[in-house]
Protein chains: 2
Amino acid sequence: MNALFKALSHPVRRRIIDMLRKGPMASGDIAAAFDMSWPTITGHLNALKEAGLVSPEREGASIRYRLEISAVEEALAFLLAMTGARRRDSGDKT
Amino acid sequence: MNALFKALSHPVRRRIIDMLRKGPMASGDIAAAFDMSWPTITGHLNALKEAGLVSPEREGASIRYRLEISAVEEALAFLLAMTGARRRDSGDKT
DNA sequence: AGACTAATTAGGAAAAATCCTAAATGCAAG
DNA sequence: CTTGCATTTAGGATTTTTCCTAATTAGTCT
């Protein structure tokens with residue numbers, strides 16, 4: 001859970017996630033979309049992979065990264081518990 | 001938006017948020033719940049405040065922190081856009 | 001005022017994250 | 001097998017985060 005939120009805490013990684021919403025992408029294409037070196041993007045992809053947010057799959061010579069939406073849903077559930085399951089000190093509504 | 005996710009990316013800060021779900025708490029009481037120094041907790045409370053996740057209010061000699069649920073909802077909306085919505089260009093500036 | 005309590009700020013050490021260039025790896029095609 | 005392409009790993013400099021102790025501010029109560 002911590003790796004998940006940590007992965008979400010960097011703007012580049014959130015943008016990568018956003019890009020992958022449309023479908024899997026090769027890491028070269030991802031790297032090309034940023035004004036950063038490719039190894040730096042690899043590092044961010046690794047952080048996302050550790051968090052379970054993306055998974056790599058070989059496609060011929062290149063490697064595509066796919067967004068794992070279930071991991072996003074985990075974080076979502078955590079935040080939902082905060083808003084939805086909130087109680088006031090005088091009452092408890094189900 | 002970045003300060004928000006960054007604030008959520010530390011386990012102590014998430015636990016503080018969880019504690020505040022039941023209602024506002026004095027920072028001393030929050031600090032007492034952790035095996036860390038009080039100044040360290042003050043630092044985490046500041047990170048949460050910067051992110052808009054909590055707001056302090058004086059109560060006599062002590063200061064209570066209240067959870068600002070609307071900030072949580074902001075993060076929630078971001079993640080919801082990732083899972084549920086397939087609309088293009090949600091317009092966030094991360 | 002003076003003592004006491006609640007909480008923050010200051011200063012700094014240690015650990016982690018970020019980002020780079022250079023070198024290495026894995027794959028495919030000639 | 002060799003050459004080249006796509007990507008990752010290694011090593012290191014810089015910045016940021018985290019956490020501590022000590023000192024300080026802000027408020028309360030005799």
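Just so it is clear: chains get the letters A, B, ... in the order the sequence lines come, proteins before strands, and each one is counted from 1. This is a predicted model, so every value here is computed, not measured.
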Grab the CE-P distance between M36(A) and dA17(C) for me, whole Å please. 16 Å
Would you say the side chain of S27(B) lies within less than 4.5 Å of the side chain of I41(B), judging by non-hydrogen atoms? no
Tell me: OH of Y65(A) to P of dA6(D), nearest whole Å? 15 Å
Close N or O pairs between protein and nucleotides 14-16 of chain C (under 3.5 Å):
none

Where at least one partner belongs to residues 28-37 of chain A, residue pairs that pass side-chain hydrogen bond (donor to acceptor under 3.5 Å, both in side chains), sequence neighbours excluded: S37(A)-T40(A)
Any side-chain heavy atom of F34(A) sitting closer than 4.5 Å to one from I16(A)? yes
Would you indicate what T40(A) reaches in the nucleic acid, counting non-hydrogen atoms under 4.0 angstrom: base, sugar-phosphate, or nothing? base
In terms of the nearest nucleotide of DNA chain C, which residue is placed more toward the 5' end: R64(B) or H10(A)? R64(B)
Under 4.0 Å, heavy atom to any atom of DNA chain D: which of residues 46-61 of chain A qualify? N46(A), A61(A)
Contacts to DNA chain D from residues 25-35 of chain A, heavy-atom cutoff under 4.0 Å, which residues? A26(A), S27(A), G28(A)
Hey, can you tell me if H44(B) and H10(B) have their rings parallel, tilted or perpendicular (30° and 60° cut-offs)? tilted
Quick one: I63(B) CD1 to dT28(D) P, roughly how many Å, whole number? 11 Å
Find out whether Y65(A) and M25(A) are in side-chain contact, i.e. whether some heavy atom of one side chain is under 4.5 Å from a heavy atom of the other. no
Whole Å only: how far is the CG atom of N2(B) from the C1' atom of dT18(C)? 13 Å
In whole angstrom, give the distance that lies between atom CH2 of W38(A) and atom P of dA23(C). 18 Å
First encountered from the 5' end of DNA chain C, between I41(B) and H44(A): I41(B)
Side-chain heavy atoms under 4.5 angstrom apart, residues restricted to Ile, Leu, Val, Met, Phe, Trp, Tyr: same cluster for W38(B) and L48(B)? no
Which salt bridge (Lys or Arg N to Asp or Glu O under 4.0 Å) pairs, counting each pair once, include a residue from residues 56-65 of chain B, with sequence neighbours left out? E57(B)-R64(B), E57(B)-R66(B), E59(B)-R64(B)
Taking R14(B) for the side chain and L8(B) for the main chain, is one N or O donor matched with an acceptor at less than 3.5 Å? yes
Please table the atom pairs, donor to acceptor, closer than 3.5 Å between any side-chain atom in residues 68-75 of chain B and protein atoms at least two apart or in another chain.
from, atom 1, to, atom 2, distance (Å)
E68(B), OE2, S55(B), OG, 2.5

Is any side-chain heavy atom of R21(A) closer than 4.5 Å to one of L67(A)? yes
Side-chain atoms of S62(A) come closest, of dT8(D), dT8(C), dT7(D), to dT7(D)
Is there a side-chain contact between S37(B) and the phosphate of dC19(D), meaning an N or O under 4.0 Å from OP1 or OP2? no
Between CD1 of I16(B) and P of dC19(D) the distance, given in whole Å, is 10 Å
Quick one, F78(B) and D18(A) - any side-chain contact, counting heavy atoms below 4.5 Å? no
